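Quick caveat: nothing in here was measured; it's all calculated off a predicted structure.
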Amino acid sequence: MSDKVNFVWVFHGAKGRFSGGVFSSLEKGEVWVKKHELTGVLTKYPLDEGAYDWAVQNDFFEIKREDQKEPLFIGNFTSASQEHYHFEDGEKD
């Protein structure tokens with residue numbers, strides 16, 4: 001059995017432009033969010049791979065327009081297929 005971590009959990013605050021924290025497990029992320037009574041989303045991201053590439057390779061996203069191949073689109077990409085949880089004031093919605 002490998003100890004390699006394949007995913008990380010990233011918290012993005014409701015009005016934040018950047019991530020507020022990165023965690024090795026959902027549980028650790030939830031503890032931190034609850035401790036600080038945060039509002040935002042905790043999302044599971046593939047490690048060492050962009051969310052865009054992961055979604056395309058796993059058939060969670062199909063490129064339908066040319067602009068969906070552009071750097072601006074790829075750099076801001078996230079997928080509803082990524083496991084994620086919404087929090088308000090530290091509590092799961």
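- The shortest side-chain heavy-atom distance between Tyr52 and Ile63 falls under the 4.5 Å cut-off.
- Proximity of Leu47 to Asn6: side-chain heavy atoms (C-beta onward) are nowhere separated by under 4.5 Å.
- Taking each heavy atom of Leu38 and Phe87 in turn, the nearest pair found is O-CB, 3.8 Å.
- Listed by first and then second residue, the side-chain hydrogen bond (donor to acceptor under 3.5 Å, both in side chains) pairs that reach into residues 13-23 come to none, sequence neighbours excluded.
- Here Lys92 pairs with Glu30 under the salt bridge (Lys or Arg N to Asp or Glu O under 4.0 Å) rule; sequence neighbours left out.
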Please tabulate, one pair per line, all N/O donor-acceptor pairs under 3.5 Å involving side-chain atoms of residues 74-84, not counting sequence neighbours.
| unit_1 | atom_1 | unit_2 | atom_2 | d |
| --- | --- | --- | --- | --- |
| Asn76 | ND2 | Leu72 | O | 2.9 |
| Thr78 | OG1 | Gln82 | OE1 | 3.2 |
| Ser79 | OG | Ser81 | N | 3.0 |
| Gln82 | OE1 | Ser79 | N | 2.8 |
| Gln82 | NE2 | Lys44 | O | 3.1 |
| Glu83 | OE2 | Tyr85 | OH | 2.7 |
| His84 | ND1 | Gln82 | O | 2.7 |

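- Leu42 is listed as a side-chain neighbour of Leu26, based on a closest heavy-atom distance under 4.5 Å.
- Using bins of under 30°, 30° to 60° and over 60° for the plane-to-plane angle, the ring pair Phe7/Trp54 lands in the perpendicular bin.
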* Criterion ring pair (Phe, Tyr, Trp, His ring centres under 6.0 Å) on Trp9 and Tyr45, from CA distance to verdict -> CA-CA 6 Å; Trp9 288 87; Tyr45 278 89; 9.2 Å; no
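- Between Phe73 and Gln68, the shortest heavy-atom distance links the atoms CD2-O, 3.4 Å.
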* Kindly indicate, with the supporting measurements, whether the criterion side-chain contact (heavy atoms from CB on, under 4.5 Å) is fulfilled by Glu37 and Glu91. => CA-CA 7 Å; Glu37 300 178 351; Glu91 296 300 320; over 6 Å; no
